[in-house]
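In what follows, a structure is listed as structure tokens, so that the remarks can point back to it.
Every chain is numbered from 1 and lettered A, B, ... according to where its sequence line falls, protein lines coming before strand lines. Reckoned from all heavy atoms, side chains included, excluding hydrogens, waters and symmetry mates.
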Amino acid sequence: MRTIIFRTVAPYLTSLMVLFSIFVLLRGHNEAGGGFIGGLIAASAFGIYGIACGVGPVRRAMYFHPMSVAAAGLMLAVLSGVASLVVSAQFLTGLWAFPQILGSEVAISTPLFFDIGVYLVVLGAISSIALALEERDTD
Amino acid sequence: MNLHDFAVAFFALALTGALVLLCIAFLLTVTRILLGPTLPDRVLGLDVLTNVAIGFIAVIALDSGYTLYVDVAIGLCLVGFLATVAFARFILSRGKTEHLRREARAGIDAEAGLSGGQRP
Amino acid sequence: MTGIEATNGYIALALPFLAAALAPLLTRVLGQHAAWPLAIAPAAAFFILFGAVPGVSAGDVFLFGFDWIPSFDIRFSFRLDGLSTVFGLLITGIGTLIVLYSGGYLAGHKDQGRFFSFIFLFMGSMLGLVLADDLMTLFVYWELTSITSFLLIGFDHHREAARRGAIQALVITGGGGLALLAGFIVIRELTGLASMTEVLAAGDALRDSALYVPILILVLCGAFTKSAQMPFHVWLPNAMEAPTPVSAYLHSATMVKAGIYLLLRFHPALGDTALWTTILPAFGAVTLVVGALLALRATDIKITLAYTTVASLGLLVMLIGVGTETAIIAAVLYLIAHSLFKGGLFMVAGSVDHGAHTREIEKLGGLGRAMPITFAAAMLCALSMGGVTPFVGFLAKEEIYHALEYADPYYVALMIAAIVGNALMFAAAFIVALKPFVGRMPETIHHPHEGSLTIWIGPLILGVAGLVGALFYATYHQLFTMPMASAAVGAPVEIGIGWVPHLNLAFALSMATVVLGIVIYLLSARLRAGIAGFLAAVGWGPDKGFDQAMRGLIRAAVRITRLLQPGHLDQYMAVTIAVIIAALFGPLIYTGGWPAIPAFPRLHFYEWAVFALLLAGILPVVLATNRLTAILSLGIQGFAVALIFMLLGAPDLSFTQFMVETLSVVILALAMTRLKLSVADHRPLRDKVQAGVLAIAAGSGFGLFLLSIAQRPFDRTLSDFFERYSYAIAHGRNIVNVILVDFRGVDTMGEIAVVMVTGLAVLALIRIRVGPKGVRYPDPLEKTP
Amino acid sequence: MATDMEATSPSVEYSLEMLKAEAMVTAPVAASDYLIILPILVCFIFGAGLLMMRKRVTQQAYFAIPGLVLLFAIDVAVLLKVAAEGPWTMMMGGWKPPFGIAFTVDMMGALFLAVSGFVALACGIYAVASISSTERRYGFFPFMFLMMGGVSGAFLTGDVFNLYVWFEVLLIGSFGLLILGSQHNQLDGATKYCFLNLVGTTLFLIATGYLYGVFGTLNMADIAIKAAAMENDSAVYVIGVLYLASLSLKAAAFPLNFWLPASYHTPRFVVSALFAGLLTKVGVYALIRLLLMLFPVEHAGVTPVIAWIAGLTMMVGALGALAQSDLRRLLNYMVIAGIGTIMAGLALPQVAEVMVAQAGPAGELAAAASTAAGAMQTGLSGSIYYALHSIVVMTALYLTAGVAASLTGSSSLAQMGGLWRSTPLLAALMLVFLFAVSGLPPFSGFWPKVALVRATIIADMPWLAAAILVSGFLMTVASARIFALAFWRPAPEVAEASGTEAAQAPHPSAPAPGLYGSWSLVPLLGLTVFVLAAGLWPEWLARLTDAAAAGVIDPAAYLSSVFGDAP
Amino acid sequence: MTMLLFNLVLALMWVVVSGSFTLLNLLFGFLLGAAALYLIREEGNMSYIGRARLGFSLFLLFLLELLKSAWRVAVMVLSPNMNLKPGILAFPLRVKSDAEITLLANMITLTPGTLSIDVSEDRSTLYVHAFDCSDPEAAKADIRDGFEAKILEVFR
Amino acid sequence: MIGDLVLILAGLLVLAGSAFAAVAALGILRLPDVYTRMHSASKAGAVGAGMLLLALALTADSTPTALRALAAVVFILLTAPLAAHLLAKAAYSVGYKLGPESVLDEMPPPRPTNVGTDAPADARNASPQPAIDQP
Amino acid sequence: METVLSLAVACLLAAAVYLLTSRRIIRMLLGVVLLGNAVNLLIFTAGRIGPSAPPIIPGNLSVPEGLIANPLPQALILTAIVISFSFFAFLLVLTYRTYEDLETDNTDEMRLAEPEEEGLPPLGY
Ligand code: NA
Ligand code: NA
């Protein structure tokens, strides 16, 4: 699918979609969205990038191997649960902090990191699948 | 009837009308997807179905007042595009094989009047 | 505990196992001479047990043990009374000689250490078996003897016959063992009797119990298989594939006696009923006569001895079955005598084999000069076996005829069997013990020679023991036979029979037996041919039957397995789904949990439209003959489901469903890109009908049950909780998301693990490949920074 | 740190602490209570970590083996804690039961957990020697850890839906292991395994959906309490039977056992070993947990069905074992026979009426007055014992077969041979495992079999006792044949194996001869220790399984660990 | 420079989409945008300036033409007798850069009666499917004098 | 007052949008070949969905929602021509011919070697692919 | 609504079963997707259909305003969707690889794990 037209637009579409995916991830706690959907959107973004520009650029874009991203996500999710053990709470108990940054209140919490972990896992695993399939297709 | 009442009534009526139209659109689109006859036709049908569904979501959001459904619509925009791209890619790749070129020819035959889908 | 400390008992029980552990090492260091130090173990056990004899002969019963598995109410406990002690003495005493004999017999054999280990393991098991009190303890040892004999019979494992013999022994004795286990468990669970001591104390109650018949039959299955009663006897001759020391030990003195031990042991509790006095003598008599005839037919002296063992076991079972005090005494006398002479004769057979390199009776003769000590030992044993005075065999035979001398058809029949059997065994004894040593030595035998001390000492001692026992019969009875018989009868008995013949009916019958035996000996060649001809005419025997049964079993297993596991996924799936449908409808019909007839649903028109869209998506997926249409229709129904979720207030679900459904269709397309699949996709009508029936049943069943559940009142406590605290504590307005990352975060943790593993599994699937022609492709390298 | 942050938060209402007291378990958690979550954390962290280092194939073992040791150590610690203090519960997220997900471990769970950790360690050590670098690169250890995470989660969770999730985790992990290597027969086997198991888990999910519809809760303890209050509810009955069907499929019970003989012989031996030991047993565990503990009344209603399932499964397994000419496929059927034996212990009714008839004949002798409850206790204890034994022994058998196949270059009974002569230690171990799997004393399989036969006899089901014994007999035959043909018999000469056999290419997944060194014997010896310890001195284990069975039959301790003493 | 511009656009879009008009959110959006752009660093080598200024006017044109286009399609589809003379035109391109070609192609697609199908490999020809090919040269002239001219004017 | 007018405007947009969507659907049903249908799909379809989202933006209860609806419109407009182009190119490359009523085809027929090879046309895309299954 | 949903579940399940019992893996894959959807709708229905207000707490409140749709089944279904999607992806690639290597998608023709021409096991000892 390497038409000039698609190839020109795809990178921008991809970054737009990645941005949107992060948005969906971060607002998931309060409105529709969350790590899984965010991850799927991000993976779709890379999928489009891959279809337009090939697997190589996608791999370089992600820098890490997608499966490592997924593993890091799982690790992050698990560790965000472990955090509550440090304060002698039950596993996965949500810990919240609301620091003021530049005058606005920002919510930082273990459930947020958990959701980011979900995002990374989905992004990594689904991209890995898509890239693996795509690679098979284009060699 | 003041303007407000009219606006409200008109809006409600418009929504009902829109739902009717969109249901018809669903029906027509599905018909095209089922009829085919070629794969691009069906993919096109799915693309339109995505658009109709986006519209449907918007109308339901208006109707129910839960405007947060717009997020669902956005998601559908994104993956709808992905689906079309992937299918285009699929069509392109399947053109590679001799075997499938036969299918493509058969598809064109079908377009020229033969019934779609049913071939030995 | 007086006569024997419990500690000593445990030591006696443990010594053989200790020796088994040490044997490989000692053998590596000392070679065949390891037999001497190793023989200390059974000898020591013998003396420890002998220490109990005074008490036991005074009628004491020594019990010792401890709670082994209190959770299962199982004790590791032992009982030393006359029966078990004398058995123990036989096992350890003959065992000592066998160990010495093995040292010489297998001298230089590369697996001699292993052999010693096995034989000690067996000895320990056998000793435990006879001493055990708790039924489960007994059974464990019982099965251990089966296992160890499997290893011993298969010792020469490079020969198929040895492997066959081992399997046959394991199958038959193991199978009987399972019946015995069932019998023990029935006794244990339904009567509450846990040990031999308790069983013996509750004999009357047991005999009156409705469970008597099953218990008896199960116990007899165990005893008969182990003691080689017809038709389970086939394993015994085939077990002769084992090295001769094994035959001498297992198949004469010990293992085959385990069944006899069990019958003697249970006699006070289960004996003296019509069933007992019918089944046992019947099996015993048939086994006696058939075994003796087959002994005559055999040409291999070891096989001859094996069949005489079968016959002897039959005789013993017959006597125990008769069950009178005299009969039990006779059985006890015969049992001890048999252990001595048969053990000796087997060792003689081994020595002959060792010296002449053949065991074929036709090819043997004139060895007496070259092997005088062996000849002497052989004659001592044979005379005892033939019931000639002054040997212990004579005492036994006299007592046997005493026990049967009643003018009653039942006894007459048994008496005839006994006479015929004894005469045949008399002949067999001399065929083995006399014929190889006298006459002309065939040309085929080169340099026959006497074996080493360890080879001939065993049979000689056993032969002499048979003589000494009879000569000093009072002590013999006092120490051994009376305690044993008392235990087996269940009451104190007196035995007075001596080596000096008294002129009575028994003696007359004894003489008649001898005369008949001599006749048979002289006619043995002709008789052998006759029996062989008869057997050839019959053309079938239990041994052949065993093979047929095994093959039949395997063939049947193959047929059944092929039927149940045909290798077709569609059939597996159909059966699986059919079972699931049955699992749904069965209880639904049984309990009548059908839904009430619902009112006509009131939906908005666009809701109907969405459901119509769902249907419009489903139908082509099912019916399309074109795969691509089916795949795209899949997208339609997915959209419809997503819209349903949205209409019902589940935006997250709807969002996800749209994404997932589209991605599913997309990756389906990506994967299909390369598949040169034909687009057309037809399904035979029969298939369609079968699938359709399953589909309609599954759909309607699950749908109806769902409806009936939806009609029940609902407990919404959980969701109320989530709603109340979602924002207040978990700081999230999207309750669904809060459930996912907080309330039920662990679900999500598992879920992402699934996603991650899926990614990896797909990678592995795609990257590791074996080409269509089985070519291995190189390990692909990924080029990522 | 956390309290600090919360105090400064403006959006938190002043009554937050009150709300928390209302909704959450606020008491600090004792350090030892964390044990309940550690098995999963270890599995996930090591799995993810190994995935990140998957390209460093040579270093993976240095990471994986300590991980497995740690996992086993934690599992043992959990067992010891349960033995000392009884069941305990941790509420994930700190939410009060039944709202959050409860992790509850009782004796049964702890036993399964510890034994699964044990065999995982054995398989891990074995895998270091036997798994190729390509297979490591494509995730052998991550798959294994994640699968163990699923297995551990299934044993620990006290929430039905969460159990479904762990089922899926272990299932997908097993998929990964199953296809690793991509041999053609693997692909075929995996197709059957995957589709059929997918149907099984989906049925589980369906039943869970219905369950939620009926009870409105997913917490097992909560369900147990609510179900006890319901009298003969038809929906509960249906749900119970659906769970029975679904978990029978997971456990490979007849007639839902197709997937097992179709697939277990296709992956690497060590993978088969891990599967044979664990996967089906998780199904058994869940069946005990869900059907016996949560729905005792419904269970009593279906005991005749379970008895039939058990009997037929035993026969199918034992006959199947006799019918095979390939050692691995033979072992597949032994797994099934073992499942049948285990199921026999679940076929005993809890209701007392059954024994009334039985009391008569043995009346005057019935010193040990047996009751049906006693039968169930004995049978369940036997089942759990047998399941633990089966986990270890089936793992051991596949591993031993793996070494044997690597030495002879084949796993066909017709082509293996000579191992008793060439590797007596291996052969001896094989013999021990074969006798153990046949249920002969003094090995681990004997005592549970005794318990099961006892229980079935007490419960007046002599035919089921007979089935147990007959299947044991057939297994003995099969075992003896294995030993005679593959170990005793001299290796067939190349010339002998002419004709059709020589023409056939070696089994594609048969490992190269002599692949494994003596490293592979280490796990085997470890497994042997269990087989002998549980056979010669079974009391330690019998006491534990008895306690486990008692905890299932009367789950009061389980329930109070979730809800506290006041219900 | 262009990257910075696009990054700013992304940051603004973030603010718009997330609906929180604070400096912090803008900063955050900028960082996220930078990250997102980093991902595609290889492809982002556009070489035109002033896109921000021109983009808007082009966009308005776009919308208008699009509406007209949709209307024409609707009229045609709803007319009982669709008098179609469709076909594919080969339109010789004057615009050369990827971005220009892309823009033109997309605009053509959304304008009445035409739909870009492909660009030849040497980037000299744009193949356009048109509803009305009764006079191909007139149709090509329409494009040449309309959108292409506008784009050339704007970009050069 | 303004609110009511906005509501009426939104109502009009809703009607127009759904009408366009229906027309798009009718178009793909009525038009003769895939290329002409693409016109209908990419224009009427996009405009229909866009108008409905616009109506949503007008009546949304919060600015962020409205802005998101607008963002969705922009996204649709961005992707609709692209999708049409890709689909048309793919269909043509593989050999799906124009309908019989077509009067002109100036595009060269798909070259067999070029069909769907997706070979990188220029150096920029010549990213090395790992050679995996070539022995 | 429950009635119609039950009917929808029945239809989806029936279709899934119909496809799963096929010999063609591609068709079975389609069945897997339908099965997943059927189960999701089933759980949704089992959690009862109440008000259709999405379970999202409005910005100015700390608890939902009035009755809302039951959030728990939604969360369960989300988990189930993700899992069934993962399984679908895996099965799809498995099918793809199977087809590549075994050159068939007909399970009847895949006889490698359980070959057709199996002889009897050794009948000797
Ligand atoms: Na298993
Ligand atoms: Na399994």
(request) Among A:Thr110, A:Val82, A:Leu85, single out the residue with the greatest number of heavy-atom pairs under 4.5 Å to chain D. (result)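 The option with the most such pairs is A:Leu85.
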(message) Taking side chain as everything from C-beta outward and backbone as N, CA, C, O, which of these in D:Met24 sits under 4.5 Å from a heavy atom of chain A? Side chain, backbone, both or neither.
(response)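 Side chain of D:Met24 only, per the 4.5 Å heavy-atom cut-off to chain A.
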(message) Given heavy-atom pairs under 4.5 angstrom as the criterion, report whether the side chain, backbone, both or neither of D:Ile37 touches chain A.
(response)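 Only the side chain of D:Ile37 comes within 4.5 Å of chain A.
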(message) How long is the straight-line distance from CD of A:Gln90 back to OG of A:Ser84, given to the nearest 0.5 Å?
(response)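 The CD atom of A:Gln90 is 8.5 Å from OG of A:Ser84, to the nearest 0.5 Å.
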(request) State which residues pass side-chain hydrogen bond (donor to acceptor under 3.5 Å, both in side chains) with D:Asp75; sequence neighbours excluded, sorted by chain then number. (result)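 Testing D:Asp75 for side-chain hydrogen bond (donor to acceptor under 3.5 Å, both in side chains), a comparison that skips the adjacent residues, returns none.
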(message) Taking the ring centre of each residue, are D:Phe175 and D:Tyr193 less than 6.0 Å apart?
(response)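 Centroid separation for D:Phe175 and D:Tyr193: below 6.0 Å.
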(request) Output the residues of residues 67-81 of chain A for which the shortest heavy-atom distance to chain D is under 4.5 Å, in residue-number order; output 'none' if no such residue exists. (result)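 Against chain D, the residues of residues 67-81 of chain A that fall inside the cut-off (heavy atoms, under 4.5 Å) are A:Met67, A:Ser68, A:Ala71, A:Ala72, A:Leu74, A:Met75, A:Val78, A:Leu79.
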(message) Looking at chain A, which one of D:Phe103, D:Phe44, D:Tyr34 has the largest number of heavy-atom pairs inside 4.5 Å, strictly under?
(response)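 Looking at each of D:Phe103, D:Phe44, D:Tyr34 in turn, D:Tyr34 comes out on top.
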(request) Mind listing the closest non-hydrogen atom pair of D:Phe140 and D:Ala127 along with its distance? (result)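 Smallest interatomic distance, heavy atoms only, reads CE2-CB, 3.3 Å.
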(message) For A:Phe46 and A:Tyr49, take the angle between the two ring planes, folded into 0 to 90°, and tell me which bin it lands in: parallel under 30, tilted 30 to 60, perpendicular over 60.
(response)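 It falls in the tilted class, 30° to 60°.
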(message) Taking ring pair (Phe, Tyr, Trp, His ring centres under 6.0 Å) as the definition, give me every residue that meets it alongside D:Phe167, ordered by chain and number, with sequence neighbours left out.
(response)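 By the ring pair (Phe, Tyr, Trp, His ring centres under 6.0 Å) rule, D:Phe167 matches D:Phe204.
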(message) For a quick check under 3.5 Å, do D:Thr89 and D:Ser561 share a side-chain donor-acceptor pair by atom type?
(response)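 The criterion, which ignores hydrogens and geometry beyond distance, is satisfied for D:Ser561 and D:Thr89.
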Output side-chain donor-acceptor pairs under 3.5 Å for residues 91-102 of chain D, partner residues at least two apart or in another chain, one line each.
from    : atom 1 : to       : atom 2 : distance (Å)
D:Trp95 : NE1    : C:Asp742 : OD1    : 2.8
D:Trp95 : NE1    : D:Gly93  : O      : 3.4
D:Lys96 : NZ     : D:Ala21  : O      : 3.0
D:Lys96 : NZ     : D:Glu22  : O      : 3.3

